Structure formats: structure tokens, C-alpha cells
Number of protein chains: 2
Amino acid sequence: MTTLKELAALLNISVSTVSKALNDSHEISENTRIRVKELATKLNYKPNRIAQQLKTNKTKTIGVILPTVTNPFFAEVLHGIEMAATNNDYDIIVCLSNETLHKEKRSLELLSNGSVDGFIMAVARESQVKNETSHIKDTINNKLPVLMFDRVVNDIDCNKVIVDDFKSVYEATEHLIINQHRKNILLVSNIEELSVGKLRIEGYTKALEDHNLKPEILKLDNAVDLDVEKRIYNYLKENVAIDAILSVDHVTGIVAINMAKKLGRNIPEDLSVVGFGYEHTQLLSSPKISIIHQKAHKIGEMSTKLLIDTINDEDLKWQTIVVPSELKLNESVK
Amino acid sequence: MTTLKELAALLNISVSTVSKALNDSHEISENTRIRVKELATKLNYKPNRIAQQLKTNKTKTIGVILPTVTNPFFAEVLHGIEMAATNNDYDIIVCLSNETLHKEKRSLELLSNGSVDGFIMAVARESQVKNETSHIKDTINNKLPVLMFDRVVNDIDCNKVIVDDFKSVYEATEHLIINQHRKNILLVSNIEELSVGKLRIEGYTKALEDHNLKPEILKLDNAVDLDVEKRIYNYLKENVAIDAILSVDHVTGIVAINMAKKLGRNIPEDLSVVGFGYEHTQLLSSPKISIIHQKAHKIGEMSTKLLIDTINDEDLKWQTIVVPSELKLNESVK
DNA sequence: TTGTATGCGTTATCAT
DNA sequence: ATGATAACGCATACAA
């Protein structure tokens, strides 16, 4: 890699002159500036980022710690983060906690050595279940700003970007009750240990209570694939009164549709199905599932912008941004 | 952040002594080593990574450039990359090209300033279609090793990790012909402009020719969601003789199953469906789609290991690793 | 207008 | 066993 020193030697001028010329300092003559720039272009000079980082004590890099990236929600959030980061001349270092506490902790500690200017993270399942979050507090005390999205820790004071989990599910449930006249709405969940899962279940429960209906919940507690199918199938088979299904994750809704069809139910006439979903979810189901569409991309973008603002303005007050979800109905439902 | 200098000042010894003590140099007395380490632990000292990078001229960081991460294949590859990188004490900086040439080029150039020790990439759709790859060659000439996976550029000499696209589709097609006695096999594709799409189509075509059957291909050229459904539906409706569908991407196979069911076809009795798929693909279809399972996670892992080997051994010869796929049949198919 | 000197935090070489 | 010094590549305050 070409360095300032090399350029200086070739041009028989000092390193600082070269540096200033390249940075368009007004104290450099037109003539030398041009000479320097020409040679720089010719030799494809690029300022060494590491040296700049050491000098300025800014990395222009964000640490992104995700529980997983095979879940389409997090993949889409990552997409949003990457776009916003790029637009603001930031890089992202991505770590995956695989939902484990120790990996999350390790990533946070490893990058807290000057590698990044701040973190965007969604808390790992294990950390949330064990309510073990001291590593996150340590990071913040270490003067590294942390922004949490989606899965957040309530008693940590920091920037947050969350989804209106309670509200969106409450409203979707009300929609089923009021507009579609459903009375036996089953909630299916395989994320009931997560903060978001709890909130969604609460939204559903509250809506049913408000309309004097009885909650009915099938908890799959993170079961594996085939089990999911079987358990939903059996449940539907034995509970024929069910006229609507509300899935609080992004996969059991589609499975429910497939199982209901297998049992000969007519969708959406006899049975309404609502799930959480993302960009391509609806393409994969037939008939189309209605989805609560989380603006995952937007969550990523807003998280990034907010974190960068915080990095650049130390005494900016923490805030919590709620990104509203959108209920996208199956077209054939009126 | 605590620095060596601060530790030295507090202990009234020199910076170099502190450095040596922390690095377990044998020329430091037991006594001071312990004192130094105790204080370091107490103050939570961590060597500044940026300074180390500047000193050693190694970043221990890999640049990962992906076309997208919402495609589950790339998400799973990323997962594999991240795991292998972590196991080897490497970080990854992730950039998404969004399938565009200019973003891919920009990412490559931006990170070629000392930010990373090498690259792992899958070529963007646009770059591949326009066959514009000089930016990649430039990077390699710049002494930064590049490893390409999945979508590769043939006339660039570098490490490659690829899937046996031709072979896996050839064999899947033969399976349909020989074991399932299918004669009218439709190939559905929405990735025919990609190198992998071309290879898969060739594998299919060759298999049909070898068995004296007529190829029948539905090219969707990257159509949008609703269009995909409609076109597959119409095609199946008008071509009742079709007794097998081979999808060369990870989504049209599931759509085909749904459309075929809508048309009253019996799967797998009257119609076999094979697609490409990943971890959760089969859960989303009913009846289960048969899939050509690409070992995406393994591709990511092997790519990372190979790149790190190359980084650490300059004159290691380039190699091309083929990661075989596995045909996972629908259980009900014998 | 150009050049010299210093420092970012670390490690390595060479004194003491 | 410990310390002084230089160097990585860059930016900048200060001389000239």
C-alpha cells in the first residue's frame, strides 16, 4: 500500500505537505497540490484507515450483535443497518450470539477495545431468559453507547428501538373479533420466553378480555421443526371450534395454514390466520396469510441513525423509538 | 480506555516493562509481572486493537461482501463465516452489494485501505450479468486475497468455494426420471442470469437429453412476487401433462406446490416437486418439498478457513473447493 | 508556502 | 530485570 512517506519521497517534499495537499489545505500552492494529487491517483493512494483511526480515536465502525441472521426478521434489520451505516460512512462489524449469553458477552468484550464506536444489539434469548445483562451495563459504563432493538432490557438506560408488540397484536386480535366476527381465536407461539413474545401474548389476552372472550394459547416453547407441525395439527384436529389463529412468530402461521388445509378447513372462510411476517412471507403461503408486518428494515435504519447521533453528540438524551407495525390482510378477506 | 502509559505511570515503571509483563516476557520479574497484571485487571485494561493493527499491519478482520442477506442461502453462509471467523479470532466487516455493481465496487475499494486482511464475496447479480469484474482483479493485484463462493467469475484466478450445481441438478433430475418414473419434468427458474442458474439448467438439460426426454423450462427472470404465483399457476393449468417440477431456486418450488394443490394435483402421487432449500425450507411446505440441500453453513466455514490459510501463507496455491449438496427427499416418496 | 516535530498506543530493538 | 527509543501511517501545531 502506498503511504504518504512514499509519495513525499518521490516528489522530494515533506510528508506533511503531501498530507495537507491531499486534504485540500489552503496553505498549499495550487501547483504542488496538483502534482501531489496526480501522483496519488497514479499510485492509487488511499489513506490507511487504521492510522487514521488511531489518530482521531474514532473508528467509524459500529458493532452489530444479532442473535441469529437466519431469522428473516434479523436479516432484514441487518439490511437496514448496513444501508444506513453505508450512507453515513460507517462500517459494521457483525457478530452472531447464536442466542447464547457467553457468545454475546464475548463479542461485546472483544469489540470494546477500540474496535468500534458503539453497538447495536438485540439481546440473546439466553441472556433474556436468565436476565443476565451485566455485560451490557459494563459496556455502557465503559463509555461505549449501546442501542438495543426489538428485544430490550427494561432496566438498562440506553437508546432503544422497539416494535409496538402489545398494540399491534391487540389491534390484530380486535380486527379478528370485530371485523371478522371470530370468537375462538387460538394463539400459537414458540417465542413465549422472549420479551417480545410476552408482550404479544399480553396484547392478545387483553383484547380477548376486553371482548369477554376466553384466551386459548398453544405454547410450543421453541420446539423443533417436525414437532411444530404435529402439535399444531393435533391441536386443530381436537379443537374444531377454532375459527381463527394468531401466530406471534414468523413461521407457525404458515405451518398452521398448511395443517388446517390438510384437515379440510376452508381458509379464509372458516378460519382466519394471522401471523408475523416480513418481505416474502406471504409468497410462501397459499391462501395468503394475513401478517403483522414489522418494519424490520426501518428498525435497522432508525437504530443506526440514532446510534450515530449519539456517538457524535455525547450528551444527547436516551430515547425510545417505537416503530409501528402494519396489518396486511389476506387480499381475499374483506 | 486504560492504556499502557497510564498503567506505567501508576506503577512508576516504564511503558515497555508494562508491555512485556502483560505479554509474559521471561525477562520480567515474577514480582512486577504480578503487580502489573493485577492493576491491569483492576482497571480492566485491554490492548487497543487499532494500535496493534497499525503496529503489526494485520487487522485480523475479513471483509465479507454479500449480494443480500435476506436470501436464506446467504444468511446461512454468513452464519458459517461468522462462526469460523470467531473460532480463528477474526472479525468480519459485512457489506451488502444489494446485487448492484456500484455498491460491490465501492465496498471493495473502501475496505482496501488497510481495513481488512482479505475478502470473502459472492458476486452481485449485476456484476455477473454485465461481466464487469475489473474491481475484483484490482483488489487482488492490490495484494488483498479474495475468495469467491457460490457465484464465481471463471476468468479470475483465486480461491473459490462452489456448489456442485451441475451435478446435483443432474442427479436430482435423474432421480425423478429413474426412480420416480417421471417423463414431463418442468424446470422453473428465476435466476437464469446467474452463473449458478445457468449451471443448474445445464444439469437438468443434460439429464433429460441423456434419457431422450424433452426439456421444458419456465423462466421467470427475477419476476416479482405476485407475478411468480400467477405465471406458475397458469403454466401448470395449461400443461396438464407435467408430472414433476424442478425449481432451481429456493422459493418457486414452494410456490409450485401451493399452486399445484390449488389445481387439485396430488403431491407426491401425481406430481413430484424438487427445489433448492435450506434449514427451514421444508417446514414451510406441505406436503414436504424434496430439496437439494446446499450446505450453506459449510460453504461459509470452508471459505473462511481457506481465506485465513491464504492470508497466513502468501504463496499457498489457489484452490477450488466443491461442497457437495445433498438430495433430501420428501419423506412420503419412496 | 513548505517543513519539522509530536503524538495516537503498541511492540520490538537495543541499551543500561 | 528494566528502561529508553524508534517505528507503524497519519494529522496537526508550530517553525521557518
Side-chain angles (χ1 to χ4, degrees), chain A residues 1-37 39-40 43-61 89 110-117 142-144, chain B residues 1-37 39-40 43-61 89 110-117 142-144:
Chain A
M1 273 196 14
T2 315
T3 66
L4 288 183
K5 198 195 278 187
E6 289 169 28
L7 294 179
L10 286 170
L11 293 166
N12 269 316
I13 56 179
S14 77
V15 172
S16 61
T17 304
V18 177
S19 172
K20 287 172 188 168
L22 290 173
N23 290 313
D24 289 316
S25 165
H26 37 274
E27 48 183 63
I28 296 294
S29 75
E30 183 74 8
N31 192 348
T32 52
R33 199 176 25 152
I34 294 181
R35 277 176 62 220
V36 170
K37 288 204 172 178
L39 186 63
L43 298 188
N44 192 26
Y45 168 80
K46 284 179 209 128
N48 182 307
R49 184 110 166 302
I50 305 296
Q52 281 180 325
Q53 290 175 356
L54 185 62
K55 182 76 188 160
T56 61
N57 202 27
K58 295 249 178 263
T59 63
K60 296 275 263 177
T61 303
D89 289 318
L110 242 46
L111 294 182
S112 294
N113 59 357
S115 296
V116 300
D117 294 340
N142 210 15
K143 298 296 169 208
L144 275 174
Chain B
M1 273 195 15
T2 315
T3 64
L4 288 184
K5 196 195 278 186
E6 288 169 28
L7 294 179
L10 286 169
L11 292 166
N12 270 315
I13 56 179
S14 77
V15 171
S16 52
T17 304
V18 177
S19 171
K20 285 173 188 168
L22 290 173
N23 289 313
D24 288 316
S25 165
H26 38 275
E27 48 182 63
I28 296 295
S29 74
E30 181 75 7
N31 191 349
T32 52
R33 198 174 27 152
I34 294 180
R35 279 176 61 221
V36 170
K37 288 205 174 179
L39 187 63
L43 297 188
N44 192 27
Y45 168 80
K46 285 179 209 129
N48 183 307
R49 185 113 166 298
I50 304 296
Q52 283 180 324
Q53 290 175 356
L54 184 62
K55 186 72 189 160
T56 61
N57 202 25
K58 294 246 179 265
T59 63
K60 295 275 262 176
T61 303
D89 289 317
L110 241 45
L111 294 181
S112 295
N113 60 356
S115 296
V116 301
D117 294 340
N142 210 16
K143 297 295 170 206
L144 275 174

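All of these numbers come straight from a predicted model, not from anything done at the bench. A, B, ... follow the sequence lines: proteins, then strands. Residue 1 opens every chain.
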Inset, instruction - Check every strand shown and say whether N57(A) touches a base, only sugar-phosphate, or nothing at a heavy-atom separation below 4.0 Å. - result: nothing
State whether [X] places a side-chain N or O below 4.0 Å from either non-bridging phosphate oxygen (OP1 or OP2) of [N].
X      : N       : value
Q52(B) : dT11(C) : yes
K5(A)  : dC8(D)  : yes
T56(A) : dA11(D) : no
S29(B) : dA1(D)  : no

Inset, instruction - Give a yes or no on whether a salt bridge exists between D24(A) and R33(A), defined as a side-chain N under 4.0 angstrom from a carboxylate O. - result: yes
Rounded distance (Å) that lies between atom [atom2] of [N] and atom [atom1] of [X]:
X      : N       : atom1 : atom2 : answer
R49(B) : dC8(C)  : CZ    : P     : 21 Å
H26(A) : dT1(C)  : NE2   : C1'   : 12 Å
D24(A) : dA11(D) : CG    : C1'   : 15 Å
I50(B) : dC10(D) : CD1   : P     : 15 Å
Q53(A) : dG9(C)  : CD    : P     : 14 Å
L22(B) : dG9(C)  : CG    : P     : 15 Å
L54(B) : dA11(D) : CG    : P     : 12 Å
K58(A) : dA11(D) : NZ    : C1'   : 16 Å

Inset, instruction - Just compare dC8(D), dG3(C), dC10(D) and give me whichever is closest to any side-chain atom of I13(A). - result: dG3(C)
Legend entry - Upstream residue (5' side of DNA chain D) when L4(A) and T17(B) are each assigned their closest nucleotide: T17(B)
Distance in Å, [X] [atom1] paired with [Y] [atom2], rounded so as to fall on 0.5 Å steps:
X      : Y      : atom1 : atom2 : result
L11(B) : I13(B) : CG    : CD1   : 4.5 Å
S29(B) : R35(B) : OG    : CZ    : 8.5 Å
N48(A) : T3(A)  : CG    : OG1   : 9.0 Å
L54(A) : K55(B) : CG    : NZ    : 11.5 Å

Inset, instruction - Identify the heavy atoms of V15(B) and K5(B) that sit nearest to each other, and give their distance. - result: CG2-CA, 3.9 Å
Please write out the pairs of protein N or O atoms and N or O atoms of nucleotides 12-16 of chain C separated by less than 3.5 Å, giving the distance to one decimal.
none

Legend entry - Polar side-chain atom of D117(A) near backbone of K58(A) as donor-acceptor pair, under 3.5 Å: no
